[in-house]
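Per chain, numbering begins at 1; letters A, B, ... match sequence-line order. FYI, side chains are in, hydrogens and waters are out, and symmetry mates aren't considered; it's all heavy atoms of this structure.
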2 protein chains.
Amino acid sequence: MARPTLKDVADRVGVSAKTVSNVVNGTGWVTAELRERVQVALVEVGYRPNAAARQLRSGRSGMIALAVPELSQPYFAELAASLVREAQGRLITVLVNQTDGLAEVERKISEGIGATAVDGIILSPLALGASDLEGRRDSTPLVLLGEHIGTSTFPHVTVDNTAAAKAATQHLLSIGCRRIAAIGAQDEGPNETALLRLAGYRAALEEAGIPVDESLILPVDAFHREDGARAARRILSEGLQPDAIFAFNDLLALGAMHVLATANVRVPDDVAVIGFDDIEEGRYSTPTLSSVSPNTGELVARAIDLLFAQPPEPGMHTVGFTIAHRASTKGPAQ
Amino acid sequence: MARPTLKDVADRVGVSAKTVSNVVNGTGWVTAELRERVQVALVEVGYRPNAAARQLRSGRSGMIALAVPELSQPYFAELAASLVREAQGRLITVLVNQTDGLAEVERKISEGIGATAVDGIILSPLALGASDLEGRRDSTPLVLLGEHIGTSTFPHVTVDNTAAAKAATQHLLSIGCRRIAAIGAQDEGPNETALLRLAGYRAALEEAGIPVDESLILPVDAFHREDGARAARRILSEGLQPDAIFAFNDLLALGAMHVLATANVRVPDDVAVIGFDDIEEGRYSTPTLSSVSPNTGELVARAIDLLFAQPPEPGMHTVGFTIAHRASTKGPAQ
DNA sequence: GTCCTCTCGTTCAACGTTGAACGACACACG
DNA sequence: CGTGTGTCGTTCAACGTTGAACGAGAGGAC
């Protein structure tokens, strides 16, 4: 049997479809007695509104899209989980896309999700830079996650990557480390996150009066465990002998720690390690991983707020972070 | 400016809206010359079809919903990533929901995703049992992930949990383990996954002629790292002295390994460990984690196939698995 | 010349919903 | 007794799209 419509309910009660619509939406004037009867009928026939018709009429879909590079990366998975939860609380459903960090896909998504209309788009770009978005035609509200230098056309929400990276480096300095390696620099491509975190690393060292040893800055292709592992192998094979590692995200840190453990390098005794993102995995690694912990809950809530902000509030919006102190940076004192 | 419609394009070229529709969809008869002109106009005005109107007219939305307990759990994140990728390849968009394993939410989702109409629903239930779904009213196709005893009304796709658990246990037996603990039994609630994996564990021991020591079967509240950690602490505090652990998923295994490492119990030398799910994290843990590796790619592809299968193919559909041999189960011989 | 077929394009209505505009009826006010 | 003012409900049209039905013209067969 076909799904019941407003008209079916209306015929049953003997009123107009519009009146049933008013009961469903709490609009207009309906006497208590009639409302009651309509509500009974609604339940009896099992009415559920037709989303497509509503959307066609009102222009709103009640859906927002989230696009991340890879959902399988714990940080993005936790971000998505947090966003979906927040959205469910606001009666919004979330549509998830993966870009694989490809500029082409990211652009397509910023121009509207394929054929599906959504009320807003939250994009965590990897390949796309500020300038790529200027020529955007689609009028769907767009909020960017992660920092984007020089973009002021769209709102973007982010932790202050540079400040956070600086704080992470300072934490390593505070426990006595002096030869701090950085894993996660990116020579090619416009990965602004890597640039900003590197800037924070440099700033902390300079402020501490420690010259930056460029050989301790290790580039990576991507921010995966295997890239961290590769960098750690290079540290070992080239005999760089750092006393600490600041990895630009937790996966890099975990990949590196895995290699260090295999090579019998002790963490934190021989090398302290700190990551970035504070994914849950780091709380159960051996040793547990210190990390920059961005306030993800605030991040996603702000992102949704900004998506629907009237008037729009373009520009950068930062959320807080803390440093999670765990075993991988316990100083010699401990 | 408002989004251009078929009519806008039609007026521009001087044809009817329907003809433009025909060009867009490749239906009906249009001369090559006219089609060409329409296509130019389409690009010029930047036409993009209105999903709501299409759906209202055709009844199809091009969207499917995925509902998992928690997206932040790596297994579900990797599953979702895989499903989204597969769906994108088929020009389907995926809407993600989280149930938190609550029966109420799972039921609501099985009855249609809130207000939003989708072409199909893929549900990975935790709390909901077979009987809960019998009274379902909604006619949206539904496919279940994970095993459900006795449900034949809906298609469900799963690995053969019992066979896989048996294989995992046999792997531990094959490297010489005899006191094999099982972490992940669930006394309360209808978690059928736990029941089936426990059955496989028992079957392997019985077949090998080893009596099942009930004290080695450790119950958990959930399948998270902390539950695995708690179980491992109990193993230590109660002096159970197993020579191997079969954890019913990788998170339990990783939580347990973390506690073992902290307590200076060596894996695999003192205790071998095997998990289930083969999440990426296990390839970088210390030591790397052996695991049952279900064929997730096949799982999600089958799930989508079954969603749209005509005629429907209710009942169980199993996908394959392999055992990933890693450091956590390297026998003494190595 | 009539009928048929084929090609190419049109008009029409409908999908289910809701904003806008419009009664109708009751009551109060001057 | 007319003129508001407020309450309750209706009708109408439109959102953008596409299936169905319907021309109109060209060409071929009888």
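- Under the rule for a salt bridge (Lys or Arg N to Asp or Glu O under 4.0 Å), B:Glu313 has no partner lying at least two apart in sequence or in another chain.
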If you look only at distance, which donor and acceptor atoms sit under 3.5 Å apart when one is on a side chain in residues 294-302 of chain A and the other is two or more places apart or in another chain?
unit_1, atom_1, unit_2, atom_2, d
A:Asn295, OD1, A:Glu298, N, 3.1
A:Asn295, ND2, A:Glu298, OE1, 3.2
A:Arg302, NH2, A:His317, ND1, 3.0

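- Between the CG atom of B:Asp8 and the P atom of D:dG16 there is a distance of 8 Å, rounded to whole Å.
- Note: CZ (A:Arg54) to C1' (C:dC15) measures 16 Å, nearest angstrom.
- Here B:Glu111 does not pair with B:Arg107 in a salt bridge; the nearest charged N to carboxylate O distance is not below 4.0 Å.
- Regarding A:Lys7, its NZ atom lies at a distance of 12 Å from the P atom of C:dT17, rounded to whole Å.
- Straight-line distance from the CG atom of B:Leu42 to the C1' atom of D:dT17: 14 Å, rounded to whole Å.
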What pairs of donor and acceptor atoms, side-chain ones from residues 62-85 of chain B against any protein atom, are under 3.5 angstrom apart with sequence neighbours left out?
unit_1, atom_1, unit_2, atom_2, d
B:Glu70, OE1, B:Gln73, NE2, 3.3
B:Glu70, OE1, B:His224, NE2, 2.8
B:Gln73, NE2, B:His224, NE2, 3.0
B:Glu78, OE2, B:Glu280, N, 3.0
B:Arg85, NH1, A:Asp100, OD1, 2.8
B:Arg85, NH1, A:Asp100, OD2, 2.9
B:Arg85, NH2, A:Asp100, OD1, 3.3

Distance-only donor-acceptor pairs under 3.5 Å for side chains of residues 34-46 of chain B, two or more places apart:
unit_1, atom_1, unit_2, atom_2, d
B:Arg37, NH2, B:Val13, O, 3.1
B:Glu44, OE1, B:Arg12, NH1, 2.2

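- For the helix from C:dG1-D:dC30 to C:dG30-D:dC1, the terminal axes (five pairs an end, C1' atoms, rotation from four pairs onto the next four) enclose an angle of 70°, given to 10 degrees.
- A donor and an acceptor atom, one from each side chain of B:Thr318 and B:Asp160, are nowhere located under 3.5 Å apart.
- Here B:Thr99 pairs with nothing under the side-chain hydrogen bond (donor to acceptor under 3.5 Å, both in side chains) rule; sequence neighbours left out.
- Judged by distance alone with a 3.5 Å cut-off, no donor-acceptor contact links the side chain of A:Arg57 to the base of C:dT17.
- Listed by chain and residue number, B:Asn22 satisfy the side-chain hydrogen bond (donor to acceptor under 3.5 Å, both in side chains) test with B:Thr27 (two or more places apart in sequence, or in another chain).
- If you take CG of A:Leu56 and C1' of C:dT18, they are 11 Å apart, rounded to a whole angstrom.
- Take B:Asp11 and apply the salt bridge (Lys or Arg N to Asp or Glu O under 4.0 Å) test, not counting sequence neighbours, and it matches B:Lys7.
- One interatomic measurement links the two molecules: CD of B:Gln55 to C1' of C:dA14, which rounds to 16 Å at whole-angstrom precision.
- Along DNA chain C, the nucleotide closest to B:Lys18 and the one closest to B:Ala53 are compared, and the more 5′ of them pairs with B:Lys18.
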I'd like a table of atom pairs between the protein and nucleotides 4-9 of chain C - only N or O on both sides, under 3.5 Å - with the distance next to each one.
unit_1, atom_1, unit_2, atom_2, d
C:dG9, OP1, B:Thr31, OG1, 3.1
C:dG9, OP2, B:Thr31, N, 2.7

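- As a whole-Å value, the separation of A:Arg35 CZ from D:dT7 P is 13 Å.
- Applying the 4.0 Å criterion to OP1 and OP2 of D:dT18, one finds that B:Ser21 has a side-chain N or O inside that range.
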So which protein nitrogen or oxygen atoms get under 3.5 Å of nucleotides 21-27 of chain C's nitrogens or oxygens?
none

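- Going from atom CG of B:Leu6 over to atom P of D:dG19 covers 12 Å, rounded to whole Å.
- In this structure B:Ser16 satisfies the side-chain hydrogen bond (donor to acceptor under 3.5 Å, both in side chains) test together with B:Thr19, sequence neighbours excluded.
- Evaluation of the side-chain hydrogen bond (donor to acceptor under 3.5 Å, both in side chains) rule for B:Ser124 yields no partner, not counting sequence neighbours.
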